[in-house]
Amino acid sequence: AQSVAQPEDQVNVAEGNPLTVKCTYSVSGNPYLFWYVQYPNRGLQFLLKYITGDNLVKGSYGFEAEFNKSQTSFHLKKPSALVSDSALYFCAVSVNTGGFKTIFGAGTRLFVKA
Amino acid sequence: DAGVTQSPTHLIKTRGQHVTLRCSPISGHKSVSWYQQVLGQGPQFIFQYYEKEERGRGNFPDRFSARQFPNYSSELNVNALLLGDSALYLCASRLAPTDDGYTFGSGTRLTVV
């Protein structure tokens with residue numbers, strides 16, 4: 001079965017420190033991987049995607065993610081966290097197995113303290 | 001350009017009733033997907049439509065149905081509502097079915113009483 005796991009419900013980091021939000025996946029075939037962010041009272045926003053090519057992809061707001069095929073992971077990173085980065089982050093994977101679907105993880109809440 | 005628009009924004013229905021939720025994608029986007037998001041959980045995939053055809057279906061009962069119109073707007077219909085159908089229903093559009101990021105609407109908050 002296709003699945004996406006975000007092992008941490010919450011990540012706490014001090015402003016200015018690097019942050020990592022973890023994501024692992026289990027799919028058959030080559031995955032298309034995505035990160036989305038959800039701010040309070042706002043819709044989900046697309047951050048970045050990995051389709052093919054360089055394992056390190058850069059996205060919006062200074063975020064980047066590293067694809068690791070052997071570990072089936074796609075961790076979200078940022079070198080220096082901002083208080084305004086505090087939000088709910090979702091990892092997602094698109095698969096085409098008898099139909100297209102995008103599966104989301106359960107989400108990780110990021111708290112950045114000043 | 002307008003983003004993905006959904007209507008209504010909030011809705012209260014009684015158990016057993018029927019509901020229709022509407023979505024207009026971003027201009028030029030031909031793929032529309034529907035998701036259910038229960039508080040504290042990630043969005044759960046319901047349907048994907050592309051070029052007016054169903055291209056994917058999640059693990060939802062047959063009470064859930066959808067369609068896409070020639071202008072690429074979409075409707076999600078839910079029959080015989082249950083209390084457990086209470087959730088935020090999200091519509092998302094993108095250019096192609098798989099390799100592009102979604103643009104999400106703000107959702108319809110459905111409460112079943």
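Below, chain A is the first sequence line, B the second, and so on; all start at residue 1.
In terms of modelled atom types and a separation under 3.5 Å, the side chain of Thr20(B) and the main chain of Asn77(B) share no donor-acceptor contact. With Gln68(B) contributing its side chain and Glu54(B) its backbone, the two residues share no donor-acceptor pair below 3.5 Å.
Contacts from residues 104-114 of chain A to chain B, taken as heavy-atom pairs separated by less than 4.5 Å, involve Phe104(A), Gly105(A), Ala106(A) in sequence order. Heavy-atom neighbours of chain A within the stretch residues 33-40 of chain B, taken at a separation under 4.5 angstrom, comprise Tyr35(B), Gln37(B), Gly40(B).
Contacts classified as salt bridge (Lys or Arg N to Asp or Glu O under 4.0 Å) and involving residues 21-30 of chain B (residues at least two apart or in different chains) are given here: Arg22(B)-Glu75(B), Lys30(B)-Glu51(B).
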Review item, side-chain donor-acceptor pairs of residues 60-71 of chain A, under 3.5 Å, at least two apart:
unit_1   : atom_1 : unit_2   : atom_2 : d
Tyr61(A) : OH     : Gln45(A) : OE1    : 3.1
Glu64(A) : OE1    : Lys58(A) : NZ     : 2.9
Glu66(A) : OE1    : Lys77(A) : NZ     : 3.2
Asn68(A) : OD1    : Ser70(A) : N      : 3.2
Asn68(A) : OD1    : Ser70(A) : OG     : 2.8
Asn68(A) : OD1    : Gln71(A) : N      : 3.0

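A pairwise comparison of heavy atoms in Tyr50(B) and Leu95(B) identifies CE1-O, 3.7 Å as the closest pair.
Of the N and O atoms on the side chains of Thr111(B) and Ser86(B), not one donor lies less than 3.5 Å from an acceptor on the other residue.
The environment of Asp62(B) atom CG is sparse: at most 12 non-hydrogen atoms of other residues, nucleotides or ligands sit within 6.0 angstrom.
Only the side chain of Gln38(A) comes within contact range of chain B, judged by heavy atoms closer than 4.5 Å.
Taking Phe90(A), Trp35(A), Tyr36(A) one by one and counting their heavy-atom pairs under 4.5 Å with chain B, the maximum is reached by Tyr36(A).
In this structure the side chain of Leu11(B) reaches within 4.5 angstrom of the side chain of Leu21(B), judged on heavy atoms. At least one side-chain heavy atom of Leu110(B) sits under 4.5 Å from a side-chain heavy atom of Leu81(B).
Ring geometry, Tyr49(B) versus Phe47(B): the interplanar angle falls from 30° to 60°, so the pair is classed tilted.
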